[in-house]
4 protein chains.
Amino acid sequence: MKKREVQASVKDERLVKKRRDQMIKGAVTLFIQKGFHRTTTREIAKASGFSIGTLYEYIRTKEDVLYLVCDSIYDQVSERLQKDLDMNRGTLESLKLGIADYFRVVDEMQDEVLVMYQEVKSLSKDALPYVLKKEIEMVEMFEKLINGCIENGELDLVEDQVKMIAHNIFVQGQMWAFRRWSLKRIYSIDDYIKLQTDLLFQGILTKNAL
Amino acid sequence: MKKREVQASVKDERLVKKRRDQMIKGAVTLFIQKGFHRTTTREIAKASGFSIGTLYEYIRTKEDVLYLVCDSIYDQVSERLQKDLDMNRGTLESLKLGIADYFRVVDEMQDEVLVMYQEVKSLSKDALPYVLKKEIEMVEMFEKLINGCIENGELDLVEDQVKMIAHNIFVQGQMWAFRRWSLKRIYSIDDYIKLQTDLLFQGILTKNAL
Amino acid sequence: MKKREVQASVKDERLVKKRRDQMIKGAVTLFIQKGFHRTTTREIAKASGFSIGTLYEYIRTKEDVLYLVCDSIYDQVSERLQKDLDMNRGTLESLKLGIADYFRVVDEMQDEVLVMYQEVKSLSKDALPYVLKKEIEMVEMFEKLINGCIENGELDLVEDQVKMIAHNIFVQGQMWAFRRWSLKRIYSIDDYIKLQTDLLFQGILTKNAL
Amino acid sequence: MKKREVQASVKDERLVKKRRDQMIKGAVTLFIQKGFHRTTTREIAKASGFSIGTLYEYIRTKEDVLYLVCDSIYDQVSERLQKDLDMNRGTLESLKLGIADYFRVVDEMQDEVLVMYQEVKSLSKDALPYVLKKEIEMVEMFEKLINGCIENGELDLVEDQVKMIAHNIFVQGQMWAFRRWSLKRIYSIDDYIKLQTDLLFQGILTKNAL
DNA sequence: TATGAATGAGGCTTCATTCAT
DNA sequence: CATGAATGAAGCCTCATTCAT
């Protein structure tokens with residue numbers, strides 16, 4: 001599935017990229033503060049550093065801004081993950097590193113993740129699939145990391161389990177962003193990573209219990 | 001923390017209850033279809049079976065409807081959970097039952113949970129805490145179930161772990177609702193319960209790895 | 001062909017009629033001064049004596065106002081013509097009376113006719129046919145008056161001629177409105193009626209020439 | 001009355017002429033399709049084959065384009081008529097030829113005539129007189145043709161009649177353009193010329209009736 | 001001369017809320 | 001208590017025009 005094209009009136013590709021970057025940056029800040037629906041196009045223009053007229057030279061509708069924002073955030077997050085995947089050696093260690101890295105990206109991009117997370121649903125039926133596709137791809141990255149361990153004999157799991165775990169990891173990452181109001185009071189990101197990883201690997205039953 | 005009062009012009013308490021029930025029912029349907037922001041008060045009134053004027057006899061602002069909806073959903077979910085908690089005997093079995101029951105409630109109330117889940121953030125700074133409080137209470141229910149097992153010596157966990165697990169359970173419940181587009185293709189609710197419970201209890205390293 | 005329905009949010013039919021009459025009256029004044037495109041919806045609302053919100057309780061789009069205006073003007077004009085037609089006796093005299101009466105209606109409703117005449121083309125492909133239909137009906141009225149004379153033996157014309165004459169009469173009526181800047185300097189409405197009628201009946205070759 | 005000057009930034013007269021011709025050609029096409037108000041300056045620039053910036057090197061405002069279009073159309077039509085006038089011999093025959101020729105020009109330039117006809121009123125109070133002046137001149141051409149016949153004794157009419165007839169001819173020409181949706185179903189341009197000419201000359205009263 | 005990115009006033013329309021009946 | 005007509009602030013978007021390159 002190709003990227004969904006957001007039409008711009010301006011021809012200069014480089015300029016389009018530049019202006020849209022300004023736009024995304026400005027919009028994220030606003031969406032964090034007040035959400036997509038409560039943010040006006042004029043506010044977006046202002047926060048982006050140009051006029052309302054100029055804003056509309058680079059998008060067609062307000063929703064395009066949301067799409068651009070979501071798209072950009074996913075790109076950033078998955079780009080980071082891709083690196084871990086690339087040096088994946090199929091060991092438990094590299095799985096752990098992948099998870100830790102993902103959680104850290106989420107931590108660094110808390111606001112962005114939260115925004116995307118809360119506002120995707122505001123995308124039209126038209127744009128949603130493109131963003132969902134990216135989500136699926138990220139879950140698949142975790143599946144690959146896990147499958148690597150299985151192939152190496154470090155884990156013994158069936159496909160259904162793999163998929164479930166991949167989903168869990170993905171959601172627990174997001175969870176750090178969308179439940180931070182609650183979690184941050186108790187844990188640092190390092191605590192969070194350690195606790196979640198241990199739980200994931202060992203479950204709640206102590207050795208004693210086995 | 002007491003329930004947040006939503007002011008009504010009408011005095012007859014029984015009538016207020018009745019009208020608000022109609023309202024919640026109508027609103028949930030609409031919020032599911034189009035989300036809170038895209039739903040108009042007029043539509044809510046119509047779906048509730050009365051006029052826009054009447055609607056405003058029972059609420060003060062549109063946001064009140066959202067609050068009422070969220071409040072009602074949480075009430076229903078936690079009421080169900082409360083029962084399990086009441087007959088909690090501090091055994092792993094009753095923890096498992098609690099989890100299974102929670103996941104099943106979420107399954108039955110998928111739409112409602114999804115709505116609440118996606119729209120809470122639209123609540124004003126004023127109303128949000130009241131709903132968040134309910135969430136906290138639900139997480140605490142799971143904490144209690146777990147602590148029961150610890151007291152009984154069936155589990156050996158420190159507080160930080162307990163809280164983390166409670167959060168995980170809570171989120172995995174919601175996850176069944178908000179990722180159903182993805183999960184339902186792979187799992188039935190029974191699969192989901194079994195897999196998640198096993199994973200929770202035993203982790204991914206399982207027997208072989210130990 | 002039925003009248004095209006213009007949807008109103010307000011239910012009370014009588015009120016709808018009343019408000020739309022206000023609206024048409026206000027709009028015509030404005031359209032005369034500045035044309036449809038240069039008139040804003042807010043101006044229409046103001047000229048109609050209510051708020052912009054109220055305006056939109058009675059129409060769906062700005063174009064609806066134009067349609068309502070055109071529709072109303074045609075109704076008024078053709079209602080007047082209908083009377084003449086009703087007492088048509090198939091004599092040259094009643095044809096002359098019909099023409100004179102039509103020209104007089106146009107004279108009395110100069111502004112309205114001019115507006116409709118200049119702005120119909122701004123109607124969407126959707127609404128245009130309904131208005132054009134009315135125009136056709138009016139032309140047909142003149143055809144009937146003429147055919148009456150033919151049946152009575154007062155005139156001897158073939159169908160093509162009848163149609164042409166009907167069109168000419170119709171256009172010469174409008175002409176009094178849309179070329180008044182030029183014609184009024186030279187003729188009174190009575191002059192105009194007399195001259196046009198004579199020309200129509202006798203041509204320019206007159207007695208001398210024959 | 002001199003031509004109204006439309007200011008251009010560009011000095012090279014030949015270039016101005018060339019660009020404006022491109023502009024008029026492009027604009028007419030668009031005005032025909034969507035009318036003056038619905039056509040944007042950007043569209044005009046594009047249809048003219050140059051950029052929006054360049055467009056504004058040759059005009060001052062969007063309205064200038066309309067003026068240029070109207071002006072050009074009138075020029076073309078009256079240039080053709082002028083020829084007939086030049087060889088006017090004051091005979092009924094040359095009057096007939098003049099009318100036929102005018103109707104034929106209108107037929108050939110249907111679109112242009114229609115545009116001009118429907119959009120002149122969009123000209124500002126500033127530009128309108130210049131275009132109206134051309135219209136008057138055209139009507140005067142017909143007056144001259146008729147007066148020629150009178151001087152030759154071929155017709156016997158008073159001034160008021162002459163003016164009325166000239167107006168009628170002029171309007172009947174336009175009519176072929178602006179009522180073509182209706183007329184073309186019934187008549188070819190030749191039918192139209194013959195019928196209108198006969199009616200004009202002989203009226204509707206048959207010899208018998210006299 | 002030619003280009004096209006930038007501007008912002010202003011247009012159309014929606015919708016939460018009020019209030020007279 | 002119920003109704004629904006009225007209100008107007010505010011939102012999204014367009015487009016004529018300018019100006020730096």
Side-chain angles (χ1 to χ4, degrees), chain A residues 8-12 15-16 19 37-46 49-65, chain B residues 8-12 15-16 19 37-46 49-65, chain C residues 8-12 15-16 18-19 37-45 49-65, chain D residues 8-12 15-16 19 37-46 49-65:
Chain A
S9 304
V10 172
K11 305 291 169 93
D12 183 341
L15 192 54
V16 170
R19 291 278 179 265
H37 281 105
R38 287 198 233 277
T39 301
T40 69
T41 49
R42 276 212 257 273
E43 287 170 329
I44 296 172
K46 196 173 184 183
F50 34 71
S51 71
I52 182 69
T54 302
L55 180 73
Y56 275 88
E57 291 283 311
Y58 296 93
I59 51 158
R60 273 256 230 279
T61 68
K62 186 187 173 190
E63 206 213 281
D64 281 346
V65 181
Chain B
S9 305
V10 173
K11 303 296 167 190
D12 181 342
L15 193 54
V16 171
R19 290 278 181 260
H37 281 105
R38 288 200 233 275
T39 302
T40 69
T41 50
R42 246 114 110 156
E43 287 169 326
I44 296 172
K46 194 172 185 186
F50 36 73
S51 72
I52 182 69
T54 302
L55 181 74
Y56 274 86
E57 294 288 317
Y58 296 93
I59 52 158
R60 275 261 211 281
T61 69
K62 185 186 174 190
E63 205 212 283
D64 281 347
V65 181
Chain C
S9 304
V10 172
K11 306 292 168 95
D12 182 341
L15 193 54
V16 171
K18 181 183 155 194
R19 291 277 180 265
H37 281 105
R38 288 198 231 277
T39 301
T40 70
T41 51
R42 276 210 256 275
E43 287 169 328
I44 296 172
F50 34 70
S51 72
I52 182 69
T54 301
L55 180 73
Y56 275 87
E57 290 284 310
Y58 295 92
I59 51 157
R60 273 255 230 281
T61 67
K62 185 187 174 189
E63 204 213 284
D64 280 346
V65 180
Chain D
S9 305
V10 172
K11 303 297 167 194
D12 181 341
L15 193 53
V16 171
R19 291 276 181 261
H37 281 105
R38 287 199 233 277
T39 301
T40 69
T41 50
R42 246 114 108 159
E43 288 169 325
I44 295 171
K46 195 172 184 185
F50 35 73
S51 72
I52 181 70
T54 302
L55 181 74
Y56 274 86
E57 294 287 318
Y58 296 92
I59 51 159
R60 274 263 211 280
T61 69
K62 185 186 174 190
E63 206 212 282
D64 281 347
V65 181

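Between Leu55(C) atom CG and dC12(E) atom P there is a gap of 10 Å when expressed in whole angstrom units. Atom-to-atom, CZ of Arg38(A) to P of dA9(F) comes out at 20 Å; the value is rounded to the nearest Å. Following rounding to the nearest Å, Tyr56(B) (OH) and dC19(E) (P) show an atom-to-atom distance of 13 Å. With rounding to whole Å, Lys46(B) atom NZ is found 18 Å from dA2(F) atom C1'. Atom pair Lys11(D):NZ and dA2(E):C1' shows a separation of 16 Å (rounding to whole Å applied). For the pair Ile52(C) CD1 and dA5(F) P, the interatomic distance rounds to 18 Å; values are reported in whole Å. Separating the NE2 atom of His37(C) from the P atom of dG10(E) is a distance of 18 Å, rounded to the nearest angstrom. Rounded to a whole Å, the CZ atom of Arg42(C) is 9 Å from the C1' atom of dG8(F).
Closest contact between the side chain of Phe50(B) and the listed nucleotides dG8(E), dT3(F), dT1(E) involves dT3(F). In this structure, of dC12(E), dT7(E), dA16(F), it is dA16(F) that holds the atom nearest to the side chain of Thr41(D). For Lys62(A), taking side-chain heavy atoms from C-beta onward, the closest of the listed nucleotides dA2(F), dC12(F), dA5(E) is dC12(F).
Here the shortest heavy-atom pairing between Val10(D) and Val16(D) reads O-CG2, 3.6 Å. The heavy-atom pair separating Thr61(D) from Tyr56(D) by the smallest distance is CA-CE2, 4.4 Å. Here the closest non-hydrogen pair linking Arg42(D) and Ile52(D) is N-CD1, 3.9 Å. Of all non-hydrogen atoms in Glu43(C) and Arg38(C), the two that sit nearest each other are OE1-O, 3.8 Å.
The residue Arg19(B) sits close only to the backbone: its heavy atoms come under 4.0 Å of sugar-phosphate atoms, none of a base. Nucleic acid contact class of Thr61(B) (heavy atoms, under 4.0 Å, all strands): sugar-phosphate only. Contact annotation for Ser51(C): base contact, defined as any heavy-atom pair under 4.0 Å involving a base atom.
Between Glu57(A) and Glu57(C), the residue anchored closer to the 5' end of DNA chain E is Glu57(A), taking for each the nucleotide with the nearest heavy atom. Across the interface with DNA chain F, nearest-nucleotide mapping of Thr54(A) and Thr54(B) shows Thr54(B) to be the residue nearer the 5′ end. Comparing Ser9(C) and Gly53(D) by the nucleotide of DNA chain F that holds the closest heavy atom to each, the one mapping nearer the 5' end is Ser9(C).
Searching all strands for a Watson-Crick or G-U wobble partner of dT21(F) with both distances below 3.5 Å returns dA2(E).
Put simply, Tyr58(D) has a side-chain N or O that comes within less than 4.0 Å of OP1 or OP2 on dA2(E).
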*Apply side chain to side chain contact (heavy atoms under 4.5 Å, CB included) to Asp64(D) and Tyr58(D), showing your working.*
CA-CA 9 Å; Asp64(D) 281 347; Tyr58(D) 296 92; over 6 Å; no
